[in-house]
Every structure is written in C-alpha cells, then in structure tokens.
Amino acid sequence: MLKQELARCLRQAVVEAQQKGALALAALPEMLIEHPQNPEHGDFSSGLPLKLARAMRMPPIAIAEKISEYIVPPPQIDRLWVAPPGFINFTLREDWLRTQVEPILANGESYGNIDLGKGKRVQVEFVSVNPTGPLHVGHGRGAVLGSTLANVLTASGYAVEKEYYINDMGNQIDNFGRSLYARYQQCLDKEAAMPPDGYYGNYMIDLAKEIVQEQGDRFLSLAESEAASQLAKIGVAKILQGIKEDLELLNVNFDTWFSERSLYQGGQYNKAMELLQSRGYIAKKENATWFESSSLGEDKDNVLVRSDGSPTYFASDIAYHYNKFVERKFDLVIDIWGADHQGHVPRMKAMLKALGQDPEQLKVILCQLVTLRRGQEIVKVSKRSGDIITLREVIDEVGPDACRFLFLARSADSQMDFDLEMAKRQSADNPVYYVQYAHARIASIIRLAEQRKIDYSQGDVSLLTTEPELTLIRRLILLPEIIERVALTLEPHHLPYYSQDLATIFHSFYKQCRVVSNDEALTKARLKLVRATQIVLAKILRLMGMTAPEKM
RNA sequence: GCGCCUGUAGCUCAGCUGGAUAGAGCGCAGCCCUGCGGAGGCUGAGGUCGCGGGUUCAAAUCCCGCCAGGCGUGCCA
C-alpha cells in the first residue's frame, strides 16, 4: 500500500540524511503517515520531525526541511512540502489518481481484498447462546459483529471458519428440562410446579404445547429425571432451530455448530484434563478438582469438577479450546462474548498457558451489553423471568439491514441503548438508507446508460479532471486501508462510517457532475467512475452483511 | 473493597499507535428541482471533550486522583 511505501521513503531519507551528517543520530520511532483531515494539507502527512526534535536537538521545521531534501518520493506523489510547526505533506498526482478507476473496474467485487492473513487459519466463534430460549437484541449485536469480522478477515486473506458453540449440557440445560417438563405436565392438566429458578418465559408454554401435539403424553410414564432429560433434548433442538432461523434473517450463518456434549463423548475433555494434570496444574481440594491458575499469576484458583462430580462450564471450555488449538490447530481464535463474561477472560488466558499454548493466539472481544428501550421505557431482557423482546421482533420491526448497520456503528466497547422507537422512526431518514440509496442511484444511472446503448468500456479516465471527480476517487481508493484497519484492530465499526462518508462524497459529486450528457467522451469516462463507485459501495455493504439494492 | 468498560454538540455516536481549525448522523434555522432517482445537495447555529492535577514543543488521546453509569468479582454460564 502507498501508505507503507511512503513510510519506507521517509525512513530511508532520514537514514541517508544521518549518514551524510545532515541530521544527528537518534533512534527512529515508527514512521507514521496519516491522512490529514484538512485537504489543504495534502493526501498524506507525517509529523515525524516533531517527534525527532528533542532527540536531535534541532527545531522540527529544520529537521523537516532536511528530511524532505533527501526524500525520493514514489512516482504517485506529485509534490511534497514542509509545513509549520514541522509536518511533511504529500499530494498525489492527479493523473495517477484518475488511472486508479481502472483497477477497481478490473477487480470488481474482489477490489479492496488484501493479503494480510496470508492464508492463516482463523476461527471466529460468536453468538454461542445457550439454547434455552430465543435470542434477544444483545445477542444480535454479537452476531452482527462476529459475522462482519469474519467477512473482513476473509477479505484480508485469512482462511476463516465461523462457529457456534452449543451449550447442550450442564445446569442450565437441566433446569431447562425440568421447566419444560413442568410446562408439559401442566399442558396435560397435571399439577406440576415450576422450578423456582426455572425458565418462566411464555415461549416455554408454547414449546410444551408443541411437544404435546407432536408426541402426546408419552413422557408422563417416564421417571421424572428421564422425562426432563428427554424433553430437554427435544426442546434444545427446537430452540436451536429457531435461533438458526433468526440468525439467517440477520444474514448470519455458521460453518460449524459445535456441541459441548461432544467434548465428553469425543475424549477432548479427558485429554485436556490429563494434559493439565501432567503439567501440574490440577489439585484436589474439598472434594472438588481445581485448576491452579494462581500459580500462573491469577488471583485465585478455579473449580473444574464440582464436589458432586459434575464438570463446570470452565472445564468444558478448556476441553473446547484444547480442541480448537491442539486438535484443529487454528492459528488464531477469536471469541466474541458479552461483557458479562469478562471475568472468564483471565482464566482462559491462564488455561492456554497451562496447555502450553501462546495466549496471544486467543483474542477475546467483549461486547458491551445492549439495553433495549421503547422511548423512555426500558425493556428488561432476562430470559428466565419471561417477558422478553426477542431479536426476531426487532428484526421484523426494524429490518435486517438497518439492524446490522445500527449494531455495527458503535464500537464493541461502548454500551448501547437500542431504542426501538428511534430505530423505526429513523428508518425513513437513516444513514442505512442513505448509503443504500447511493448504490441504487448509481444502478439507475447504469440502467439509463444501458437503455441508451452506451458502451463505456473504452471510456477514457484521463477526462476525469474536476474536483468532485478527484475527491470521489480519493475516497474509493481508501477501501483497502479500511479493510486492513478493521482486520488489524478487529473493530468493524469503521465500516459504516466509511460507507457513509463515501456515500456523502458520491451524492455531492452527483449534484455537481452530470454523468450521462451530450458529451459522449466525458459520459463514458464518468460512467466508469460511477461504476467503480458502485463496486466499492457494494463491497462495503456486503462486508457489513447488508444488501446493495438496485432499486428502492 | 478490587478489576474491566464507558463519560465528546440537544440526542445517538466517531475521532486511526498524542499532532495542524475536535467531526458525522438525527434534531433545529435557512436556501436549492426548465437535465441521470429530492430517500438528494448547500449554508448556519450548537462543544469548559465528566472534574482536578501531571508528562510533552503538542493531550479528547498518555499517567495519577476524584465523580457518574454499566458489568464483573460463584463448586452460575
């Protein structure tokens, strides 16, 4: 990328100036090249001289001048100059800029892809909600975040696998089974008490009714624990099916649905525990089995097997990550969890050390909780207590594209209020539609060109000389940088901002530059530019998992 | 108590490893259709960047201390 090339030129210039004695010797910091926000400061700039001033004991402006004497700029650069208090600014050659429309057209939907990952295998595990009830809005946020990240990493040259971890055993499932059994009996006019901490949502009653309808009363003849366990299995399958459908509506899908239970049948649990044992991290205390994480710098140990013999969630997760790293050998694993799992992160890192893995291979993204509201009224989203607004209802009300855009537009670190009223009210006049409108508008222009049988394949991009045209091109060629940045920081919220910015620049261009006109040559050139814009808009929308409509 | 996240325009939020005049959307006040989609364009008002110190040529950004909100701190997940 040009940015990196400029950084190299800059470094080389400093080194050469130092060798020739023009600049004092000093350790060089990272060469930082940025896009100044004020266009008068050029396309790129560096504040390097400001950073060197102290070590070189020289005024930054003088350093800047010295460095600029030694810079051999790449051919894409038109000119460079020094600006107080010590910046070096660069502008791109306009004739080079114009030619950049061609590679976009040539690459089509693969334009913007980069080779950052070099084929490394990365797993993104996300959503992974307990299959004990329908998804709510908070889950939607993680789903959108994860699927978008997977899209961007794929575009960045990683071999990506998307996975959903199904917690299909343990306390929650037992509880779910007992709750379902109670509802089932009630459905058949039997007296039955719900567990005090059971799942009280109305969907449990519907679920029970459905099972009665399909399978009759045959579970009544079974022992209570057997009935609960069989019903749990059936209920989990049904809930999971619903979750899958909801996610598909949001354009979220997975390569693998991984069962927790399978870790016990497949031997991963035993192998992982033996490995920890042999490495000396296991202890027995008070009838329970502990992971001695405190020996790895953790503030406390953690229970793996309870005194009643049942493994904890943490034990399963150890087996699961043993499977991810040791058996499936992923180079990188990204887990996306809700902020309420933050306490889990340090012990997972400790566990990886104990397994002999590099903890850096695991990236945990905690996304902050979503509070759902309708205007002033806060809607509670507790699954067990019952009254929840499901993700499904939100998608139905707001629409999948708008949902995705709204979720994506905030960084994972910040809590968000998802106001249903606002989301719906905005839907008429909303950044989501603003971006999609730009795409549709272009589609309409292209349709017009087709109607008039204009073949612009030989259009001459050197005719693109006005300021709105060049500004548009400058934005288009930012795409690879945006993709790289998201892949590096794992922060997809830059995508909606870029898309909106690009749409703004396009709409402004559109107002100022007539595309299909009497000037045949200019028409063809501009059709190329407009088509390139459409390609970039479609790409960014696709990365965000949204549709790029031809009409709206 | 301790740990993590957050606090930027009326509202919802950006602000890239400290950099040149702190940005966007919505809302508000105006203006622009004798040409390709007005779901559009243009202009304006609106800010003690939670508060107080510190580091630096330079702090919304880094450090320390407060204040406020969220989450965590289980033989729950």
Side-chain angles (χ1 to χ4, degrees), chain A residues 29-30 32 34-38 40-41 45-47 50-51 53-54 59-60 83-87 89 128-130 132 167 170-172 175 197 285-290 299-300 302-308 310-314 316-317 337-346 366-369 371 406 409-417 419 422 425-434 436-438 440-449 452 481-482 485 488-489 491 493-494 496-497 500-501 503-504 507-518 523 526-527 530 551-552:
Chain A
E30 204 179 327
L32 53 102
E34 57 185 19
H35 296 285
Q37 62 183 49
N38 184 341
E40 286 172 19
H41 298 144
S45 80
S46 173
L50 294 160
K51 293 213 185 309
R54 169 167 285 260
F87 291 99
N89 298 334
S128 300
V129 176
N130 284 357
T132 52
N167 299 105
N171 285 344
Q172 305 291 353
N175 187 1
D197 58 344
K285 277 186 288 186
E286 300 154 14
N287 267 336
T289 306
W290 296 72
D299 40 354
K300 60 182 175 52
N302 294 95
V303 172
L304 295 176
V305 184
R306 301 182 186 93
S307 43
D308 69 0
S310 63
T312 61
Y313 162 83
F314 181 44
S316 288
D317 241 11
W337 301 337
D340 54 342
H341 282 61
Q342 61 179 257
H344 195 46
V345 179
L366 293 174
C367 76
Q368 294 294 316
L369 274 17
T371 47
L406 292 174
R410 328 177 138 55
S411 76
D413 296 327
S414 51
Q415 303 156 223
M416 63 179 287
D417 279 10
D419 185 344
M422 169 82 82
R425 179 153 42 83
Q426 278 194 352
S427 63
D429 196 16
N430 191 307
V432 184
Y433 298 97
Y434 181 81
Q436 292 181 320
Y437 180 68
R441 204 175 212 185
I442 293 172
S444 157
I445 297 171
I446 305 271
R447 279 196 298 273
L448 178 71
R452 299 199 184 164
E481 273 181 45
I482 300 295
R485 183 166 167 205
L488 248 23
T489 60
E491 291 175 350
H493 69 271
H494 302 297
Y497 286 92
Q500 208 173 335
D501 184 43
T504 301
H507 285 308
S508 176
F509 153 85
Y510 175 87
K511 197 71 181 178
Q512 296 173 78
C513 299
R514 171 90 197 171
V515 178
V516 180
S517 68
N518 295 330
T523 296
R526 284 185 173 166
L527 279 169
V530 151
K551 291 179 179 175
M552 39 192 302

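Note that this is a predicted model, so its numbers are computed, not measured. Order of the sequence lines sets the chain letters (A, B, ...), proteins ahead of strands, with each chain counted from 1. As a basis for the values below, the full set of heavy atoms in this structure was taken, side chains included, without hydrogen atoms, waters or symmetry mates.
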Earlier contact from the 5' end, RNA chain B, for H35(A) and Y437(A):
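Its nearest nucleotide being more 5', the pick is H35(A).
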Heavy atoms only, 4.0 Å cut-off, all strands: where does [X] land among base, sugar-phosphate and nothing?
X       : result
H41(A)  : base
D308(A) : nothing
N171(A) : sugar-phosphate
C367(A) : nothing
S414(A) : sugar-phosphate
A438(A) : nothing
A339(A) : sugar-phosphate
E481(A) : nothing
L32(A)  : base
H493(A) : sugar-phosphate
Y434(A) : sugar-phosphate

Write down the partner of [N] under the Watson-Crick or G-U wobble criteria, each distance required to be under 3.5 Å.
N      : value
A9(B)  : none
C57(B) : G19(B)
C28(B) : G44(B)
G65(B) : C51(B)
G1(B)  : U73(B)

If I take atom [atom1] in residue [X] and atom [atom2] in nucleotide [N], what distance separates them, rounded to the nearest angstrom?
X       : N      : atom1 : atom2 : answer
Q500(A) : G15(B) : CD    : P     : 14 Å
L406(A) : C11(B) : CG    : P     : 19 Å
Q368(A) : G7(B)  : CD    : P     : 11 Å
D417(A) : G69(B) : CG    : P     : 15 Å

Using the side-chain heavy atoms of [X], tell me which of these nucleotides is nearest: [options].
X       : options                : result
F87(A)  : C36(B), G37(B), G19(B) : G19(B)
T312(A) : G41(B), A77(B), A22(B) : A77(B)
M416(A) : A77(B), C5(B), C13(B)  : C13(B)
R485(A) : C5(B), A14(B), G15(B)  : G15(B)
L50(A)  : C57(B), C16(B), A77(B) : C57(B)
Q172(A) : C75(B), G37(B), A77(B) : A77(B)
H341(A) : A77(B), G25(B), A20(B) : A77(B)
L369(A) : A77(B), C71(B), A39(B) : C71(B)
R306(A) : G70(B), A24(B), C76(B) : C76(B)
V515(A) : C36(B), G19(B), G40(B) : C36(B)

Take atom [atom1] in [N] and the same atom in [M], then report the distance between them in whole Å.
N      : M      : atom1 : answer
G52(B) : A60(B) : C1'   : 16 Å
A9(B)  : A24(B) : C1'   : 11 Å
C42(B) : G65(B) : C1'   : 48 Å
A14(B) : C51(B) : C1'   : 23 Å
G54(B) : U17(B) : P     : 26 Å
U8(B)  : U61(B) : C1'   : 12 Å
C26(B) : C62(B) : C1'   : 33 Å
C31(B) : U12(B) : C1'   : 27 Å

What I'd like to find out is whether the side chain of F87(A) reaches to under 4.5 Å of the side chain of H41(A), using heavy atoms alone.
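When only atoms from C-beta onward are counted, H41(A) and F87(A) do not touch, as no gap falls below 4.5 Å.
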Are the side chains of Y497(A) and I482(A) in contact, using a 4.5 Å heavy-atom criterion?
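In short, these two side chains do not touch, never coming nearer than 4.5 Å.
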Indicate whether OP1 or OP2 belonging to [N] is found under 4.0 Å from a side-chain N or O atom of [X].
X       : N      : result
R410(A) : C13(B) : yes
S46(A)  : G19(B) : no
S508(A) : C42(B) : yes
T371(A) : G70(B) : no

Are Y313(A) and Q172(A) close enough, and set up right, to give a side-chain contact (heavy atoms from CB on, under 4.5 Å), and what steps lead you there?
CA-CA 10 Å; Y313(A) 162 83; Q172(A) 305 291 353; over 6 Å; no
Taking atom types as they are modelled, is there a donor-acceptor pair under 3.5 Å from the base of [N] to the side chain of [X]?
X       : N      : answer
Q342(A) : G3(B)  : yes
N38(A)  : U21(B) : yes
S444(A) : C36(B) : no
Q512(A) : G41(B) : no
S45(A)  : A20(B) : yes
N89(A)  : A20(B) : yes

Aromatic-base stack, Y510(A) on G41(B), cutoff 5.5 Å, angle under 30
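Ring-base stacking flag not set for Y510(A) and G41(B).
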Exceeds 12 heavy-atom contacts within 6.0 angstrom, atom CG of D308(A):
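Enclosed: over 12 neighbouring heavy atoms sit under 6.0 Å from CG of D308(A).
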Tell me whether C33(B) sits syn or anti, counting syn as a glycosidic angle within 90° of 0.
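Base orientation relative to the sugar is syn.
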Are T312(A) and D317(A) close enough, and set up right, to give a side-chain contact (heavy atoms from CB on, under 4.5 Å), and what steps lead you there?
CA-CA 9 Å; T312(A) 61; D317(A) 241 11; over 6 Å; no
Looking only at non-hydrogen atoms, find the nearest pair between [X] and [Y] and report the distance.
X       : Y       : result
L32(A)  : S46(A)  : O-OG, 3.2 Å
H35(A)  : E481(A) : NE2-OE1, 2.7 Å
N89(A)  : S45(A)  : OD1-CB, 3.0 Å
A288(A) : V303(A) : CB-CG1, 4.4 Å

Taking atom types as modelled, find out whether T489(A) and R485(A) have a side-chain donor-acceptor pair closer than 3.5 angstrom.
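R485(A) and T489(A) do not have a side-chain donor-acceptor pair below 3.5 Å.
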